[in-house]
Structures are given as structure tokens and as C-alpha cells.
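Input: a single structure, listed below in C-alpha cells.
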Amino acid sequence: MLRFEEVSFRNFLSFGNKLSTFKLDSTGTTLIVGRNLDNPNNVSSNGSGKTTILQAISYALYNKSLSGISKERLINRTNDKRDTLMEVILKFSVNADEYTVRRYRGESYGAQIIKNGEDITPDSVSNIDAKIEEIIGISYELFTKIIVFTGSATSFLELPVAHQRNLIEELFKITALTKKATKLKEQIKDTETEISVANAVINQQRIAKNNQERHIEQAMKRVQDWDADTAAEIAKLQADLEEASKIDFEKEQRAHARLAELLKEQTEHASAVRANTRELRAATAERDRLTGELSHLVEAKCPYCLQKYADGQSKIADIEASIAKLNEAIEVQTRKSAELSTIAQRLDADIETVSLEITCPDLDQMMQIHANRTKLEAQIESLQGAFNPHVAPLESLLAEETITLDTDKVDRFNDQLVHEKFLLKLLTDKNSFIRKRIISKTVPFLNRQITHYLSELDLPHTVKFMPDMSCEISEYGRSMDHGNLSKGEQKKVNIALSLAFRDVLFHLHSPVSVMFCDELDSGNLDPVAVDSTIRLVKHKCREDDLAIYVISHRPEFEGRMDRTVTVVKEKGFSDIYEEEEFV
């Protein structure tokens with residue numbers, strides 16, 4: 001039994017900082033009306049804060065409002081305080097356990113769950129939300145269809161078919177399957193643990209097997225590498241000895257000595273070429289400069305400022321003499337350059353000739369090999385007779401028992417897991433024949449209740465759910481869709497469905513102590529239909545010993561409920577005023 005006791009809130013929507021408490025544990029019918037004194041005519045009930053009570057319950061249980069208001073905008077900041085503390089406290093019981101849920105935002109943010117005086121709050125908001133839903137056993141979607149009935153909400157038959165089916169299956173609860181599925185899930189978890197342990201053992205075996213194979217492979221490679229390296233070393237030493245035996249060392253030494261002399265001569269010659277080139281360039285540049293001066297002096301001009309130079313003729317003879325000397329020097333340097341070029345060509349040819357005579361570029365190494373011939377022959381003999389040191393470790397590894405993988409156990413557990421998951425699917429899958437069979441036993445009760453309420457509301461239509469959970473509507477045998485109904489007829493069907501759904505929850509599964517009706521009569525219901533609705537609500541209250549709270553502004557409800565609660569809004573803040581009115 002889920003029994004609501006009271007809800008308290010402050011700084012929530014239109015309510016101010018004073019903690020307002022609304023009792024939820026009194027049986028009977030309660031009419032909640034509103035007065036908005038901030039309205040200029042003081043006659044409107046709109047905006048007074050009537051639905052705040054339902055919004056607070058929804059926020060406490062599901063961390064969301066009924067009308068989609070963002071959580072931040074649930075905070076009443078009329079006093080313009082950034083550190084305003086909004087809190088909602090809901091007290092309820094499930095069977096013998098007492099619960100208090102507190103949510104708060106503003107100056108701080110969080111939630112708390114108290115069970116029988118002990119804090120059982122999980123470690124995150126998402127876990128808190130899941131924990132509360134687990135405690136009450138009703139989802140938000142089902143809550144808004146059978147616990148809080150709002151006339152403005154989307155009716156059940158307007159929802160997508162898949163959504164309808166989800167709500168029906170949650171409503172039916174299929175408790176036997178759920179319990180079996182819970183136990184089976186635990187068994188699956190144990191099997192998965194066994195598989196994990198078995199796989200861990202296999203992984204260790206695989207690691208050991210891989211290590212064994214890797215060690216053998218590495219040992220084989222070391223044997224092969226040693227053999228290959230030794231053979232290569234022997235071949236190199238033999239090749240060196242053979243090569244050294246073919247060399248005429250005296251001739252080779254003379255060729256190397258001659259090459260060294262030629263290279264030295266070439267280096268010195270290159271230096272002489274560079275010096276000659278510098279002298280030739282300098283003499284040519286000086287001659288060109290004096291030639292330029294001479295051309296100006298011939299015209300009796302200063303070679304620098306180009307002004308008339310009276311003594312120009314006296315300088316011409318000196319410059320001409322200097323130019324003649326420079327020409328002689330240039331001629332000498334030019335002849336020398338040609339000679340140097342000839343010498344360079346000769347040196348290049350001599351170096352090429354001597355280089356071709358050399359057969360051993362590294363003469364020092366060959367001389368050392370020649371000098372140590374006996375020692376190298378002994379080294380080759382030693383290598384040829386050496387025993388591979390890596391053979392014994394390889395033979396030791398090969399002698400060890402080969403590691404194998406024991407997969408029989410994990411295979412058995414995997415087969416068991418497949419079987420368990422198949423059973424779980426039978427218990428939980430929406431298309432499972434087991435679930436369909438159980439649903440088919442509950443559907444007749446649901447259809448009887450729908451028929452009863454449609455009759456009470458004077459609606460001639462037939463609405464019933466089929467075994468596949470599809471809903472059929474007909475009138476005097478004529479099949480029709482929900483859209484074929486008038487707005488008033490749709491409203492009556494919606495009322496009948498909500499009450500019938502509640503009967504399934506109340507009589508077959510989990511009784512709930514309260515029902516909330518927000519603007520149950522809103523729009524499209526004539527006074528006769530409203531009167532039928534009132535009688536139906538009062539009868540339901542007495543029959544199931546419920547606390548039913550009706551929010552309405554229709555005059556037909558006045559004086560028809562057991563008591564009336566007025567929500568008054570004045571100067572931006574709402575307050576609750578209660579008065580007992582027994583009929």
C-alpha cells in the first residue's frame with residue numbers, strides 16, 4: 001500500500017519563503033479552488049497556484065514538473081534573492097515503512113531520502129531518482145495517467161501505440177515474472193562471474209602458453225643467430241686471408257706512397273692556382289681602373305669630379321706607364337695560369353693511373369691481416385670447432401611439458417548462460433508468449449471496469465483492449481477511431497480509462513491512497529456530464545476508501561465535496577486556507 005501523508009514546500013512556484021504544508025492522509029473528497037487577489041477584478045482563480053500542490057508532489061517523486069517547467073524556474077525569486085532556497089518535502093509510506101523525500105535548489109542543490117529515520121540517499125541525482133521510483137513502484141508516465149489525472153494532459157489513446165503498450169505492461173506489473181526474472185538475473189550474474197573466473201584461468205594458461213612458445217621461439221632464434229653469425233665470421237676471416245694472399249704488398253705500398261705524394265702535390269698546386277688567380281684578378285681590376293682615369297684625363301677632366309682639370313696632361317704619361325706595367329704583369333700571370341692548368345691535368349691523370357693500380361684501399365688493415373695470418377687461421381679453426389652455447393637451453397625448453405588450454409569448463413558455463421538468457425527473454429521480452437498469457441488474464445478485468453465507467457458516464461460506446469494490447473472502440477457494433485469521437489466523448493473515454501487503470505493498480509497489484517484530478521471537467525463536458533463525473537468520483541472515494549483531491553473552477557463542484565481548500569494569491573505569493581465542509 002502506497003499511502004501519501006503530506007507535502008510541504010517553500011519558495012516553490014508562487015509560494016513564498018514560509019513553509020506551506022498540505023495534508024494528504026485524510027480520506028474523502030477535497031475540492032481545491034483558487035482566488036487570485038492580484039487580478040484587477042478579484043474574481044479570477046487562474047494563476048492562484050492551485051496546481052502547485054501537484055507540481056510539488058511530482059517534483060519530489062520524479063525530479064520534474066507536470067507541465068514541463070524547467071527546474072530553475074520552479075524557484076520563486078519574487079524577492080529577487082539569488083540565494084533563495086527552494087525545497088519540497090514529501091512524506092509517504094509503503095506498507096510499514098515510512099519515507100521522507102526532500103529536494104532543494106537555489107542556494108544549494110540536492111536531494112535526500114529518509115527511510116524509517118535512516119538516511120538511505122544514493123550517491124548521485126540519477127541514482128536518487130531511480131531509488132524513489134523503485135520504492136513507489138510507479139513510473140512518471142504511469143503516475144500522470146492514474147494517480148494524477150489532468151484534463152489537459154494527452155489522453156492515453158492519443159499516445160503512440162508502443163507507448164500505450166509500455167504503460168499497460170507496467171500497469172499489469174506481471175509480478176510473478178518480475179520475481180523470477182530478478183532471481184534469474186542474479187543467477188545470470190553468478191554464471192557470468194563463473195565465466196569470468198574460468199576465462200581468467202584460461203587467460204593465465206594462454207599467457208603461460210604464449211610465454212612458453214615465445215621462449216622456445218627466442219631460444220631457436222638465438223641458436224640460429226649464433227650459427228649464422230659464426231658462419232659469417234668464418235667466411236669473413238677466410239675471405240680476408242684469401243684476399244691478403246693475392247696482394248703484392250711491396251707494389252701496393254709503392255702505389256699508396258706514390259698516391260700520397262701526388263695528393264700532396266695536388267693540394268700544393270691547388271694553393272698556387274688560387275694565388276695566381278687572385279693576383280691576375282687584382283692586376284686586371286687595377287688596369288681597368290687606371291684605364292678609366294686615363295679616358296677622363298685625355299678630355300682634361302678630373303677623373304673623380306669630372307671638372308676641368310688644367311694639369312691633366314701631366315698625369316697621362318704616369319698612368320700610361322702604370323698601365324703598361326700592369327699589362328706585362330697580366331700577361332705573365334696569364335701564361336702562368338695556363339701552365340698551372342697543364343700541371344693540374346697531369347696530376348689528375350697521374351692520380352687516376354695510380355688509383356687504378358691500388359687493389360686494397362685499406363692497406364693498414366691488410367698489412368695487419370698479413371702479419372697475423374697464423375693467428376687468424378687459428379681463430380678460424382677455433383670457430384669451426386666451437387659448440388653452440390644456446391643449444392642446451394633450447395633442448396631444456398623443448399623437454400618441458402606443453403601447456404594446453406582447458407576450455408571445457410568455460411564452454412559449459414557459456415552454454416548455461418545462453419540458456420539462462422533465453423529464459424530471461426521469455427520472462428521479460430514484450431513478445432514472449434508467457435507475458436502475453438498473463439496479460440490476457442488481466443485484460444478482462446480491465447475491460448469490465450472500462451465498460452462500467454463508460455456506462456456511469458452515459459457513453460454508449462464500447463472500448464476494450466485486445467490480447468495483443470491494442471485498443472478497439474465501437475458504437476453499436478460500428479468500429480471507429482479515437483479521432484471519430486467528439487471532444488466531450490473523448491473526455492469521457494479518457495476518464496473511464498484512467499479510473500479503470502487505477503482499479504487494475506488498486507485491486508490487482510499496489511493500492512495507492514490518493515488520486516488527484518486537475519481540471520477533470522475542463523472543456524467539452526456539459527453540466528450533466530460534470531454531474532456524472534462528480535458522482536463517479538465520490539463513489540470511487542467511498543468504494544476504495546481514498547483521498548481524492550479535485551482542482552476545479554466549475555460551480556457544479558461547489559458544496560459537492562467533503563471539504564474545500566482555497567489557494568489564495570496576494571501580492572505575488574500564494575497561501576493555502578482549509579475549511580471542513582461535510583455534505
Side-chain angles (χ1 to χ4, degrees), residues 3-60 65-67 69 74-79 84-92 100 102-103 147-152 513-522 530 533-534 537-538 541 546-583:
R3 184 177 298 277
F4 289 90
E5 297 173 3
E6 66 179 31
V7 61
S8 302
F9 41 86
R10 75 171 82 230
N11 293 318
F12 185 78
L13 292 175
S14 62
F15 282 77
N17 193 44
K18 182 186 71 173
L19 189 66
S20 298
T21 299
F22 189 82
K23 294 290 186 181
L24 301 169
D25 58 352
S26 299
T27 57
T29 57
T30 299
L31 176 64
I32 302 175
V33 298
R35 291 187 62 191
N36 189 350
L37 300 182
D38 292 339
N39 184 280
N41 298 322
N42 290 338
V43 295
S44 175
S45 65
N46 293 329
S48 61
K50 301 187 297 296
T51 61
T52 299
I53 298 168
L54 305 187
Q55 298 279 23
I57 296 172
S58 175
Y59 174 67
S65 68
L66 291 172
S67 53
I69 302 173
L74 292 174
I75 306 174
N76 187 336
R77 299 188 185 275
T78 303
N79 291 327
T84 298
L85 173 64
M86 178 199 78
E87 66 174 336
V88 176
I89 304 169
L90 177 65
K91 295 182 178 180
F92 62 91
T100 298
R102 176 177 177 260
R103 293 188 189 269
I147 306 300
V148 175
F149 179 81
T150 60
S152 59
S513 66
V514 298
M515 183 171 71
F516 303 95
C517 303
D518 184 10
E519 303 297 347
L520 182 68
D521 55 310
S522 63
V530 172
T533 301
I534 293 172
V537 167
K538 292 176 68 68
C541 179
L546 297 177
I548 298 181
Y549 299 87
V550 179
I551 297 175
S552 178
H553 60 271
R554 293 284 291 258
E556 291 91 340
F557 278 85
E558 294 181 7
R560 302 285 298 277
M561 301 290 104
D562 295 328
R563 64 173 182 152
T564 299
V565 173
T566 304
V567 179
V568 180
K569 184 178 182 182
E570 184 176 10
K571 296 181 180 180
F573 293 100
S574 298
D575 207 347
I576 300 173
Y577 295 89
E578 297 190 36
E579 54 179 312
E580 298 291 337
E581 293 185 356
F582 296 96
V583 178

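These numbers come from the heavy atoms of this one structure, side chains and all, not from hydrogens, waters or symmetry mates. Quick note: residue numbers are just sequence positions, from 1.
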Next item on the list: Answer with yes or no whether the side chains of Asn11 and Asn76 bring together a donor and an acceptor at under 3.5 Å.
Entry: no
Note to self: Are Ile551 and Val567 packed together at the side-chain level, in the sense that at least one heavy-atom pair is separated by less than 4.5 angstrom?
What the structure shows: no
Margin query: To the nearest 0.5 Å, what is the distance between CG on Asp38 and CD on Glu570?
Written below: 7.0 Å
Check: Considering only heavy atoms from C-beta outward, does the side chain of Phe15 approach that of Ile576 to under 4.5 Å?
Finding: yes
Note to self: Contact between Asp518 and Lys50 at the side-chain level, heavy atoms closer than 4.5 Å - yes or no?
What the structure shows: no
Note to self: In the structure I gave you, are the side-chain heavy atoms of Asp25 and Ser513 within less than 4.5 Å of one another anywhere?
What the structure shows: no
Check: Ser20 and Asp575: which non-hydrogen atoms are nearest, and at how many Å?
Finding: OG-OD1, 4.2 Å
Notebook entry, point to check: Under 3.5 Å, is there a donor-acceptor pair between the side chain of Ser65 and the main chain of Gln55?
Noted result: no
Check: So, do Thr52 and Ser574 sit near enough that their side-chain heavy atoms are less than 4.5 Å apart?
Finding: no
Notebook entry, point to check: When rounded to the nearest 0.5 angstrom, what distance separates CD1 in Ile548 from OG1 in Thr30?
Noted result: 9.5 Å
Next item on the list: Tell me, with the steps shown, if Val550 and Thr29 meet side chain to side chain contact (heavy atoms under 4.5 Å, CB included).
Entry: CA-CA 7 Å; Val550 179; Thr29 57; 5.8 Å; no
Note to self: Any side-chain to backbone donor/acceptor pair from Arg103 onto Ala60? Under 3.5 Å, distance only.
What the structure shows: yes
Note to self: Can you tell me how far apart SG (Cys517) and OH (Tyr549) are? Round to the nearest 0.5 Å.
What the structure shows: 12.0 Å
Check: For Leu90 and Val7, which heavy atoms make the closest approach, and how far apart are they?
Finding: CD1-CB, 3.9 Å
Next item on the list: Can you see which heavy atom on Val88 is nearest to which on Ala56, and at what distance?
Entry: CG1-O, 3.4 Å
Notebook entry, point to check: Of all heavy-atom pairs between Glu87 and Arg102, which one has the smallest distance, and what is that distance?
Noted result: OE1-NE, 2.7 Å
Notebook entry, point to check: Is there a side-chain contact between Ile32 and Phe22, using heavy atoms and a 4.5 Å cut-off?
Noted result: yes
Item checked: Ser48-Arg35 side chain donor-acceptor pair, cut-off 3.5 Å -> no
Next item on the list: Under the side chain to side chain contact (heavy atoms under 4.5 Å, CB included) rule, what do Val33 and Phe557 come out as? Steps first, then yes or no, please.
Entry: CA-CA 10 Å; Val33 298; Phe557 278 85; over 6 Å; no
Next item on the list: Apply side chain to side chain contact (heavy atoms under 4.5 Å, CB included) to Leu66 and Val148, showing your working.
Entry: CA-CA 9 Å; Leu66 291 172; Val148 175; 3.8 Å; yes
Next item on the list: Taking all heavy atoms of Lys538 and all of Met561, pick out the closest pair and write down the distance.
Entry: CG-CE, 4.1 Å
Note to self: What's the separation between atom CG in Leu24 and atom CD in Glu5, rounded to the nearest 0.5 Å?
What the structure shows: 9.0 Å
Checklist line | Gap between atom OG1 of Thr84 and atom CZ of Arg10 - 0.5 Å precision | finding: 11.5 Å
Next item on the list: Kindly compute the distance separating CZ (Phe516) from CD1 (Ile53), expressed to the nearest 0.5 Å.
Entry: 8.5 Å
Check: Would the Phe9 and Tyr59 ring centres measure less than 6.0 Å apart?
Finding: no
Next item on the list: Walk me through it: do Val514 and Ile57 pass the test side chain to side chain contact (heavy atoms under 4.5 Å, CB included)?
Entry: CA-CA 12 Å; Val514 298; Ile57 296 172; over 6 Å; no
